Amino acid sequence: MSRRRDLQRRRSIPGDAACRDHREPLLLFCEDEQVTLCRQCFLSQEHRNHVVRGVHEAAENFRKLFRELLRALKPKLEAAKSLLAEEQENMGMVQAEEQNFKEMVKSEYEMMIRLVTEENEMNFQNLPGYTFNPHLREDNQGLLIKLIAEIEKKYQETLQRLSRLGRENMSKLQQSEVRLYEQIVSLHGVTAELEKKCAEPSFLLLKDARALELSGVSLLSQGLEPARITDPSLCQTPGPSKMLELFQRPITLDPKTANSCLVLSEDLRSVKLENVQQEIPGIPDIFDFSASVLGVESFTSGRHYWEVDVEKAANWQLGIFEDSTARLIPKSSEGKILLTGSLMGTKYTLWVFPPLKGIYLEEQIHKVGVFLDYKYGQISFYDVTKRLLIYNFSGLVFKGAVRPIFSLCSPNEGTSADSLSICLPDVFAV
């Protein structure tokens, strides 16, 4: 009778919940082998030294683990979606940035050609007897054509570097897009499976539970890294070098416009920060956003160039300010074209304005050249030491006098030894 009842009991156990070998209920779970066991399997030599738990206890442990994975994976899924959207947006920005730099380089080389052409004509007219010797005119034109051809060659080489860099950046972004899309698909799949498993009964939950756990952990360990694109400013554009020296001006600082925390040198060529606020009579409203001072010189036409030693300043601004009698002292960013340098720890960055835009820099800059072409509405900033263009603004329309502006950043606390020094042209240097 008992053998008959035992046979009936074994036949009543569902096939997937019964041991194939012993036809007994699978009520235990081996942690080492990740398999369900019946009582006889548990007593066998094979599982003697293994960690074995009840099915419900093991399932509950996995359920808790799956919920923890879900809490970590869901935010990562959203972060991956956000990063994918950013990378897709960056594709358009990279193309626009490449075009912007190409236009900037074009305006710079056009300016170089203008300067070379004018300098060539001036040198020709200084030749004795130039009006009576047609061969001199031909030789001069030949020289000019050669100089322009060299400039055009450099211009085309720079354009090719920018185009190559643009293609490399786009390829990196496209690869990043594919990689992020694959991660998002995997994250979607694993989170959906984890949610499904958490709702399943113990026996079903334990099936392939360890494999699902490993998939979740693997996805968590994968980083969400954006594409490492290269800034177009790394395509170094030569400056017009010695041609600018023809326009270099001995700029002096205007004490009437100096912020109260600035100290000017006796020769009005240098400026430094001082912690003690100075009282300046007759100037009721000095800058409140930055320690700035204007140059005495005011330009309404022509070309002008000046150089500034910035090596002793951690945070500085250089540029031009469009002056007006109604607003002798600038109180905001209105009417300014600026280059800003900032040293944060060991990281050195440059910014141009307007609009505010970061410029990649491999190392600290020591001397900055500023070139103004009033007629053509162009402002260019140069790394004087390396003879390279940093950035330029073209197509500007000036409506009034333009003055150089120099700024140092006042520290929130403590002291600062920051200073700026205007470099004299060689003809003025002692």
Side-chain angles (χ1 to χ4, degrees), residues 69-108 155-192 194 214-238 339-365 381 383 386 388-393:
L69 282 172
L70 279 169
R71 282 194 292 270
L73 288 172
K74 284 184 176 180
K76 185 161 187 174
L77 174 59
E78 295 306 313
K81 290 178 180 178
S82 297
L83 184 55
L84 176 61
E86 289 176 11
E87 295 290 74
Q88 291 170 337
E89 183 180 355
N90 284 339
M91 290 182 183
M93 291 177 62
V94 161
Q95 291 176 325
E97 194 71 8
E98 177 188 345
Q99 186 60 35
N100 175 59
F101 266 83
K102 285 182 176 179
E103 291 173 1
M104 184 186 76
V105 168
K106 179 181 178 182
S107 68
E108 188 68 18
Y155 170 56
Q156 292 301 325
E157 289 173 350
T158 305
L159 286 185
Q160 289 172 8
R161 289 198 300 271
L162 281 169
S163 295
R164 184 167 56 251
L165 180 60
R167 290 192 297 271
E168 291 173 357
N169 283 339
M170 188 59 66
S171 176
K172 291 176 183 177
L173 286 168
Q174 289 170 345
Q175 292 174 19
S176 177
E177 181 185 35
V178 171
R179 184 171 59 254
L180 285 168
Y181 180 76
E182 290 174 348
Q183 283 182 289
I184 288 170
V185 170
S186 297
L187 285 164
H188 264 302
V190 170
T191 53
L194 286 169
L214 293 176
S215 296
V217 171
S218 175
L219 284 174
L220 275 180
S221 66
Q222 293 177 15
L224 296 176
E225 294 290 337
R228 296 183 178 275
I229 58 178
T230 305
D231 195 284
S233 59
L234 283 178
C235 286
Q236 298 178 333
T237 304
L339 172 70
T340 301
S342 179
L343 179 62
M344 303 287 288
T346 58
K347 186 177 180 182
Y348 198 84
T349 56
L350 290 178
W351 303 84
V352 290
F353 175 86
L356 186 64
K357 172 182 171 56
I359 302 294
Y360 182 85
L361 202 65
E362 291 183 309
E363 57 189 39
Q364 184 174 356
I365 199 166
F381 296 99
D383 181 338
K386 295 184 177 180
L388 295 174
L389 173 70
I390 297 173
Y391 200 83
N392 77 12
F393 297 86

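None of these values were measured; they are calculated from a predicted model.
Smallest separation of non-hydrogen atoms from Ala80 and Leu187: CB-CD1, 4.2 Å. When all heavy atoms of Pro75 and Leu70 are compared, the closest pair comes out as CD-O, 4.2 Å. In terms of heavy atoms, Ile390 sits closest to Ile365 at CD1-CD1, 3.3 Å. The minimum heavy-atom distance linking Asp231 with Gly358 is given by the pair OD2-O, 4.3 Å. For Thr230 against Leu165, the heavy-atom pair with the smallest separation is CB-CD1, 3.4 Å. Residue Val190 comes nearest to Ser215 through the heavy atom pair CG2-CB, 4.2 Å, listed as atom of the first residue, atom of the second, then distance.
If you take CD on Glu86 and CE on Met93, they are separated by 10.0 Å, rounding to the nearest 0.5 Å. Here CD of Gln222 is found 6.0 Å from NZ of Lys76. Values are rounded to the nearest 0.5 Å. The CG atom of Leu224 sits 10.0 Å away from the CG atom of Leu219 when rounded to the nearest 0.5 Å. Separation of atoms CG (Leu83) and CD (Gln88) is listed at 10.0 Å; rounding is to 0.5 Å. Going from atom CZ of Arg228 over to atom OG of Ser176 covers 11.0 Å, rounded to the nearest 0.5 Å. Here the OG1 atom belonging to Thr340 is positioned 8.5 Å from the CG atom belonging to Leu350, to the nearest 0.5 angstrom.
Lys102 and Glu98 are joined by a salt bridge, as a carboxylate oxygen and a charged side-chain nitrogen come within less than 4.0 angstrom of each other. Looking at Lys81 and Glu78, a side-chain N of the basic residue comes within less than 4.0 Å of a carboxylate O on the acidic one, giving a salt bridge.
With hydrogens and angles disregarded, no donor-acceptor distance shorter than 3.5 Å links the side chain of Ser171 to the backbone of Arg167.
Side chains of Asn90 and Glu87: a donor on one and an acceptor on the other come within 3.5 Å.
Within 6.0 Å of the CD atom in Glu89, the count of heavy atoms belonging to other residues, nucleotides or ligands does not exceed 12.
Phe101 has its side chain out of reach of Thr158: every pair of non-hydrogen atoms, C-beta onward, lies at least 4.5 Å apart. Met91 is not listed as a side-chain neighbour of Gln95, based on a closest heavy-atom distance of 4.5 Å or more. At a threshold of 4.5 Å between non-hydrogen side-chain atoms, the residues Met104 and Leu389 count as touching.
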